[in-house]
Amino acid sequence: MDLPPSAAPLQALPAGRLPATVLAAVREEPEGAEEISAYLYDPAVAARNATALRACLPSWARICYAVKANGFPPVLDALLRGAAVAGTGGGLPAAGADPTALVSRLGGVDGFEVSSVREMRLAREACGRVVPARSPYLVASGPAKSVTLLTALVESGVSMVNVESPVELRRLETVAARLGRRVAVTVRVNPARVALSGSLQMGGRPSAFGVPESEVPAVLGLARSLPHLDVAGLHVHAVSGNLDAAAHLDYVRWCLEFADRSAADAGIDLRVVDVGGGFGVPFEPDRRGERPFDLDRFGEGLARLPVPTDVEMLFEPGRLLVADCGWYAAEVIDVKRSYGTDFVVLRGGIHHFALPTSWEIVHNFAVVPRSAPAATSSPDRRPGEASTGGADGVAEGGVAEGWNIDTSGRPVTVVGELCTPEDTLARDITVGAVRPGDVIVFPMAGAYGYEFALADFLGHPRPHRIVLGERGS
Ligand SMILES: Cc1ncc(COP(=O)(O)O)c(C=O)c1O
């Protein structure tokens, strides 16, 4: 695991850039509360994102949100409901029309992409709560689908299985035959070349995902020969974090043409082209000048694609829909100066929030002050409480103590509570004053945050998950 890149000379975000609800949640401290270590979510943001995406896609597009990005039930519910939750109609196109009708027509996502029994259960439960009259549309992806997983998927009536290999095809055939079902499948393709850039590349290079392009005819032939499989089309998910709408459109066009050609050659009636997820969000607008993915431009281009009337295109977005609905907040437990470098030590770390290290993102944060001014704090004080202590960062005996170290204008390294130097969330970000008791808040933590962290090392409690405006976990 690499450390996050140095961010110098980046300044920390001003706390005023955080929404008032986030600031209030971080500043509130009920009597006897534990130190703050939490994901804060605004499901209405996710709902608006879902409706904005829906509004720009043509009618032949189906949105299956990738639950792996964030499976928190209030977020899943909001994504299904769409902007009706937000009550603003954000992203709705037509003026003057009945907003209720529009919301119900546009709604949120159509279903979910799931990779495990747990994700399937979360997705089904959300559908049961929000759209009980509609049967859940679930598409299953991911390598290493075991007999146990495939059995659970088929028993629950999964809508589509994106199959990754010939072994998986035969295994699914056996499972479907045993259960007396016929299962719709797509074959996942790893294209020989992917003209997209992003934070993670899963196609266009050797990978465990899908089958190489050159093997697609043979694998489709095998799939067709298996009586309990109904081959509906092809699946491609080749990249994550792409911000270039024109490049994404070229990629979708390629998927469509390739699927059309391959299906015709294999004598398959093409019904589904699943183009996966991969829409990026700007994590580093301040440092790299990243701009949001241009959904309008993408939608306009899509509408011009020659999609046959009986073909449906599936999108499996994850990050785009939920990245900005979450904030990771962790209390500063200590501040230390070590050989000239200032460390801010959190009640948290990479076991809660692995994003910056795993994708080498410079993930900027804001410092929310909660501590008393320097030279008046003590380890067990609460916000606003004064106590005694040394001045000028140096207490009695010449030792610099954390609540008096002056970090103002200095770059700090933000680390977690694990016993490994790899537990580093940010490097060389210049801050104002930071003291124990303050809270570091990372915005854009709604996707691949809680879910992506490897939680059990050292056994510290997991972070709470809080819906803004409500308390609890
Ligand atoms: C098969 C599949 N579909 C969709 C996604 C969602 O990708 P993103 O969050 O980049 O949109 C992933 C993410 O890994 C995936 O593996």
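Whatever order the structure lists them in is the order used to number ligands and atoms, beginning at 1. The model shown is predicted, which means the values in this text are computed figures rather than measured ones. Numbers here are sequence positions counted from 1.
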Suppose I only count heavy atoms of [X] and a 4.0 Å limit; which atoms of ligand 1 are within that range?
X: Y448; value: 6 (C), 7 (O), 8 (P), 9 (O), 13 (C)
X: G277; value: 4 (C), 11 (O)
X: G318; value: 6 (C), 8 (P), 9 (O), 11 (O)
X: S240; value: 7 (O), 8 (P), 10 (O)
X: S141; value: 1 (C)
X: A66; value: 4 (C), 5 (C), 6 (C)
X: P317; value: 11 (O)
X: E316; value: 1 (C), 2 (C), 3 (N), 4 (C), 5 (C), 6 (C), 11 (O)

- Query: Would you say G278 touches ligand 1, if touching means a heavy atom closer than 4.0 Å?
  - Reply: yes
So for R319 against ligand 1, with non-hydrogen atoms under 4.0 Å, the contacting part is both
So the side-chain hydrogen bond (donor to acceptor under 3.5 Å, both in side chains) pairs with at least one residue in residues 267-295 (sequence neighbours excluded) are R17-D286, N162-D274, D230-R271, E284-R287
Q.
Between F298 and F279, is the ring centroid distance below 6.0 Å?
A. yes
For this session: Take E125 and R121 through the salt bridge (charged side-chain N to carboxylate O under 4.0 Å, His left out) test and state the conclusion after the steps.
Result: CA-CA 6 Å; E125 287 169 0; R121 183 173 52 72; 3.4 Å; yes
Notebook entry, point to check: When the ring planes of F442 and H363 are compared, do they come out parallel, tilted or perpendicular, using 30° and 60° as the limits?
Noted result: perpendicular
Do R465 and Y41 have side-chain N/O donor and acceptor atoms under 3.5 Å apart? yes
**OP:** Check the side chains of E417 and H351 for a donor-acceptor pair under 3.5 angstrom, ignoring hydrogens and angles.
**Re:** yes
Salt bridge (Lys or Arg N to Asp or Glu O under 4.0 Å) filter on D110, not counting sequence neighbours, yields R54
